[in-house]
J.: 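Structure provided below as structure tokens; questions to follow.
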Amino acid sequence: MKRFITTPIYYPNSKPHIGSAYTTIVSDFFARLYRELGYKTYFLTGVDEHGEKIQKSAESKGKSPQELVDEMADSFKAAWKKLGISYDRFIRTTEDGHKKLVRDVLRKVYEKGDIYKDVYEGYYCVGCERYYTEKELMPGLLCPYHHKPVEKKRIDAYFFKLTKYKDELLKYFKENPKFLSPKYKEEILNKMDDIKDICISRPVSQVSWGITLPFDEGHVAYVWFDALLNYMSGLDGKMEFWPPDLQFMGKDIIWFHSVLWPAMLISAGYELPKREIAHGFLTVDGKKMSKSLGNVIDPLEVAERYSVDTLRYYLLTKVPFGDDGDFSWKGFKEAHNSELLGHYGNLANRLAKLWQRAFGDSKGESPKELDERFKKLENIKEKIIELAEANDVEKLLNFYGESFLHGIGDINAYLNEKEPWRKEGEEAKEILRNTLEAFLYMTTLLKPLLPVSTKKVMESFNINLNIKDVELGKLGDEATIPEELMLFKKVEE
RNA sequence: AGCGGGGUAGGGUAGCCUGGAGUGCCCGCCGGGCUCAUAACCCGGAAAUCGGUGGUUCAAAUCCACCCCCCGCUACCA
């Protein structure tokens, strides 16, 4: 039982934004979940450091490309650290191991006869000294920077025989219906009708910051051919994790992962990934996020103003996976104050205070007899295991959102009904033992969703549980009960 | 234009593939309970012709056809 989970490697021409944070948090949730369930898990993320933009950006800043990407890689690592991302490996495409692997694969594919030299015809801007695609140009075929007409120019380039694998890809899609991301499946299938061979090289004269082709040092590899292979080089030879089980990404790059990527792997002779899965984009108050609108939400700011868990909780349970999702500061505040603090945080403190009052000491105890209503909490765990085995990411996210509210709500309702504060002695104690037992159990199940606050609970109660082994019944006996516990701070503004 | 996704109470969603009483969840609103807890918790209620029209069926939010509205994609940019 293993799971290999990946995020795309991000292009570090700016610091991490909410989109990359979203993908990474989703991936992190699943990595944590599978670890909790006892799977051998490998969670890979990183940065894609080659290409013309990095090269140009470094020039304009008077730095070498390597200096620039070193800085950017650090800024990504720092951001993920603040957000508590539990990656096993942070891959950088400028690493020697990665470069070597890319060249090895290119050679294999070349020797197989799947790469050929042909003429690339493109729109060339003399001022920019580079080629543009038609889509990038302004109306009237003008260069977007110089606003001058571009010229059609022909150049030698290498092409990958994507068309050769069309039938094999279609067969794989058919036999593995979960491979393609549900919301984008039809779109990919339709596009398969007119796929073309893809140009996979750039002349060194245009882009020098890249990996040169092993069979022609005058060209560097097209970024996608370079970047996609991070999923293999990032394993550092631990091929027992191959192939990837869950590859997360934004919907903009699903085509490359669904078509080009598996075709490359077939050509090079590797097993194909299990699921390519895309999420939607995030809008703010219904509008696209953009610098010009000034409505860009910085994930680190959310984490600071509210908490890391608030950001996670919101993204994982409030944004419908696969579709575009809207969010707002108001939404964060509600999720934070009403759901996380009100239901969960308040319950933790409520339990701690009631316990002190009834027992007068901090020694935990399990119930003599577990209340009937709490036995159904075990169904939550079973359902999680079942959905996890099936790799059903959408249902898992939905289920977690609902289980949180139901599970915690049930415990609060139990307290309201039993009113232990109006009772004395053994009767009050047994109610609280039940509450404690259910609370610890739910907390364990919530670890992947709320890693920071559940860890705080575990530490405060001096206990260490995981989803795989946790069983209702004797959890309380192992715990010590804190005098009070504030998991979330109320945010007024 | 082609293709794809979406249109379910005031807002946001799940359900649709594998038809079976409008069934669920969050926010908001109204009423009640509790007062142990971070004015937090719990219970109840109002509110929807499930985008429209037609069809299949004993039965349609769910299947089929057409139409309307919103959004996105159309790859050799990173």
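Chain A is the first sequence line, chain B the second, and so forth, proteins listed ahead of strands; every chain is numbered from 1. Keep in mind that the numbers below use all heavy atoms, side chains included, and drop hydrogens, waters and symmetry copies.
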J.: Measuring from the side chain of A/Glu339 (C-beta onward, heavy atoms only), which nucleotide among B/A78, B/C27, B/G72 has the closest atom?
T.: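 Given the options B/A78, B/C27, B/G72, the side chain of A/Glu339 is closest to B/C27.
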
J.: Please output the side-chain donor-acceptor pairs of residues 335-342 of chain A that fall under 3.5 Å, not counting sequence neighbours, one pair per line with the distance.
T.:
unit_1: A/His336; atom_1: ND1; unit_2: A/Thr310; atom_2: OG1; d: 2.7
unit_1: A/His336; atom_1: NE2; unit_2: A/Lys489; atom_2: O; d: 2.7
unit_1: A/Asn337; atom_1: OD1; unit_2: A/Val491; atom_2: N; d: 3.1
unit_1: A/Asn337; atom_1: ND2; unit_2: A/Val491; atom_2: O; d: 2.7
unit_1: A/Glu339; atom_1: OE1; unit_2: A/Tyr313; atom_2: OH; d: 2.5
unit_1: A/Glu339; atom_1: OE1; unit_2: A/Lys318; atom_2: NZ; d: 3.0
unit_1: A/Glu339; atom_1: OE2; unit_2: A/Lys318; atom_2: NZ; d: 3.1

J.: Say whether A/Tyr10 and A/Thr45, considering side chains only, have a donor N or O and an acceptor N or O under 3.5 Å apart.
T.: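 A/Thr45 and A/Tyr10 do not have a side-chain donor-acceptor pair below 3.5 Å.
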
J.: May I have the distance from A/Leu260 (atom CG) to B/C76 (atom P), rounded to whole angstrom?
T.: 12 Å

J.: Using the 3.5 Å cut-off, write out each protein N or O paired with an N or O of nucleotides 4-9 of chain B and the distance between them.
T.:
unit_1: B/G4; atom_1: O2'; unit_2: A/Lys183; atom_2: O; d: 3.4
unit_1: B/G4; atom_1: O2'; unit_2: A/Glu187; atom_2: OE1; d: 3.2

J.: May I have the distance from A/Ile198 (atom CD1) to B/C76 (atom C1'), rounded to whole angstrom?
T.: 5 Å

J.: I'd like the P distance from B/A61 over to B/G51, given in whole Å.
T.: 10 Å

J.: Taking the C1' atom of each, how far is B/U56 from B/C66, in whole Å?
T.: 15 Å

J.: Rounding to an integer number of angstrom, what distance separates B/A75 and B/U18 when you compare their C1' atoms?
T.: 35 Å

J.: In whole Å, what is the span from the NZ atom of A/Lys251 to the C1' atom of B/U74?
T.: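 So the two atoms are 14 Å apart, to the nearest Å.
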
J.: A/Phe256 side chain: which of B/A37, B/G72, B/A75 is closest?
T.: B/A75

J.: By the 4.0 Å heavy-atom rule, please label A/Phe488 as base, sugar-phosphate, or nothing.
T.: base

J.: Counting only side-chain nitrogens and oxygens, does A/His343 get under 4.0 Å of the OP1 or OP2 atom of B/C42?
T.: yes

J.: Only pairs with both distances under 3.5 Å count, Watson-Crick or wobble alike; so what is the partner of B/U18 in this structure?
T.: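 Paired with no nucleotide.
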
J.: Just name whichever nucleotide pairs with B/A48, Watson-Crick or G-U, keeping both distances under 3.5 Å, else none.
T.: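 Across any shown strand, B/A48 pairs with none.
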
J.: Which residues pass the ring-ring contact (aromatic ring centres under 6.0 Å, His included) test with A/Tyr231, not counting sequence neighbours?
T.: A/His257, A/Trp261

J.: Base, sugar-phosphate alone, or nothing: which one does A/Ile200 contact when heavy atoms must sit under 4.0 Å apart?
T.: nothing

J.: Answer yes when A/Arg433 and A/Glu430 have at least one side-chain N-carboxylate O distance shorter than 4.0 Å, and no when they do not.
T.: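 Result for this pair is yes, salt bridge flagged.
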
J.: Taking only residues two or more places apart in sequence, or in another chain, which ones meet A/Tyr184 in a ring-ring contact (aromatic ring centres under 6.0 Å, His included)?
T.: none

J.: Give the nucleotide from the list B/U74, B/C26, B/C76 with an atom nearest to the side chain of A/Lys191.
T.: B/U74

J.: Could you work out, with ring-ring contact (aromatic ring centres under 6.0 Å, His included) as the rule, every residue matching A/Tyr116, not counting sequence neighbours?
T.: A/Phe159

J.: Taking any heavy-atom pair under 4.0 Å as a contact, classify A/Gly342: base, sugar-phosphate, or nothing.
T.: sugar-phosphate

J.: B/C26, OP1 or OP2 - any side-chain N/O from A/Thr317 closer than 4.0 Å?
T.: no

J.: For atom C1', what is the distance between B/C42 and B/C36, given to the nearest Å?
T.: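 Straight-line distance between the two C1' atoms is 13 Å.
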
J.: Both A/Lys489 and A/Leu405 contact RNA chain B. Which one's nearest nucleotide lies toward the 5' end?
T.: A/Leu405

J.: Contacts to RNA chain B from residues 418-428 of chain A, heavy-atom cutoff under 4.0 Å, which residues?
T.: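 Per residue number, the list reads A/Glu419, A/Trp421, A/Arg422.
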
J.: With a 6.0 Å cut-off on the ring centroids, do A/Phe439 and A/Phe461 count as close?
T.: yes

J.: Taking the C1' atom of each, how far is B/C17 from B/G5, in whole Å?
T.: 16 Å

J.: In residues 351-361 of chain A, which residues come under 4.0 Å of RNA chain B by heavy atom?
T.: A/Lys353, A/Leu354, A/Arg357

J.: Please identify each residue that fulfils ring-ring contact (aromatic ring centres under 6.0 Å, His included) with A/Trp209, with sequence neighbours left out.
T.: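 A/Trp209 satisfies ring-ring contact (aromatic ring centres under 6.0 Å, His included) with A/His50 once adjacent residues are dropped.
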
J.: Using a cut-off of 4.0 Å on non-hydrogen atoms, how would the nucleic acid contact of A/Gly409 be classed: base, sugar-phosphate, or nothing?
T.: sugar-phosphate

J.: For A/Leu68 and A/Ala58, work out which heavy atoms get closest and say how close.
T.: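 Minimum heavy-atom separation between A/Leu68 and A/Ala58: CD2-N, 3.8 Å.
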
J.: In whole Å, what separates the P atom of B/A65 from that of B/U74?
T.: 27 Å

J.: Between side-chain atoms of residues 402-409 of chain A and protein atoms elsewhere (two or more places apart, or another chain), which donor-acceptor pairs fall under 3.5 Å?
T.:
unit_1: A/Ser403; atom_1: OG; unit_2: A/Phe399; atom_2: O; d: 2.7
unit_1: A/His406; atom_1: ND1; unit_2: A/Glu402; atom_2: O; d: 3.4

J.: Without decimals, in angstroms, what is the distance between A/Ile253 CD1 and B/C76 C1'?
T.: 16 Å

J.: So, for A/Tyr414 and A/Phe374, is the gap between ring centers shorter than 6.0 Å?
T.: yes

J.: Can you sort out the partners of A/Thr93 under side chain to side chain donor-acceptor pair (under 3.5 Å), two or more places apart, ordered by chain and number?
T.: none

J.: Of the listed nucleotides (B/U38, B/C27, B/C41), which one gets closest to any side-chain atom of A/Met486?
T.: B/U38

J.: Using Watson-Crick or G-U wobble geometry with both distances below 3.5 Å, tell me the partner of B/G4, or none.
T.: B/C71

J.: Quiz question: by atom type and distance under 3.5 Å, do the side chains of A/Glu186 and A/Asn190 form a donor-acceptor pair?
T.: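 Short answer, no.
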
J.: What is the base-pairing partner of B/C63, counting Watson-Crick and G-U wobble geometry with both distances under 3.5 Å?
T.: B/G55

J.: Can you tell me how far C1' of B/C17 sits from CG of A/Asp392, to the nearest Å?
T.: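 Whole-Å distance recorded here is 13 Å.
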
J.: Give me each pair satisfying salt bridge (charged side-chain N to carboxylate O under 4.0 Å, His left out) with a member in residues 341-361 of chain A, each pair once, sequence neighbours excluded.
T.: A/Lys353-A/Glu484

J.: Between B/G11 and B/C73, how far apart are the two C1' atoms, rounded to whole Å?
T.: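 Those two atoms are separated by 28 Å.
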
J.: Could you tell me the separation between the CD atom of A/Glu402 and the P atom of B/U23, rounded to a whole number of Å?
T.: 16 Å

J.: Indicate whether OP1 or OP2 belonging to B/A14 is found under 4.0 Å from a side-chain N or O atom of A/Asn398.
T.: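 For B/A14, OP1/OP2 do not have a side-chain N/O of A/Asn398 under 4.0 Å.
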
J.: Heavy atoms from C-beta onward define the side chain here; which of B/A37, B/U38, B/C25 lies closest to that of A/Leu341?
T.: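 Given the options B/A37, B/U38, B/C25, the side chain of A/Leu341 is closest to B/U38.
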
J.: May I have the distance from A/Glu394 (atom CD) to B/C25 (atom P), rounded to whole angstrom?
T.: 22 Å

J.: When the P atoms of B/U49 and B/U8 are considered, how many whole Å apart are they?
T.: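 Rounded to whole Å, the distance is 11 Å.
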
J.: What nucleic acid atoms does A/Leu347 come within less than 4.0 Å of, heavy atoms only: base, sugar-phosphate, or nothing?
T.: nothing

J.: Can you name the residues that form a salt bridge (charged side-chain N to carboxylate O under 4.0 Å, His left out) with A/Lys61, not counting sequence neighbours?
T.: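 Residues passing salt bridge (charged side-chain N to carboxylate O under 4.0 Å, His left out) with A/Lys61: none at all.
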
J.: Tell whether A/Asn416 reaches the base of B/C41 with its side chain through a donor-acceptor pair below 3.5 angstrom.
T.: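 Indeed, a donor on one side and an acceptor on the other fall under 3.5 Å apart.
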
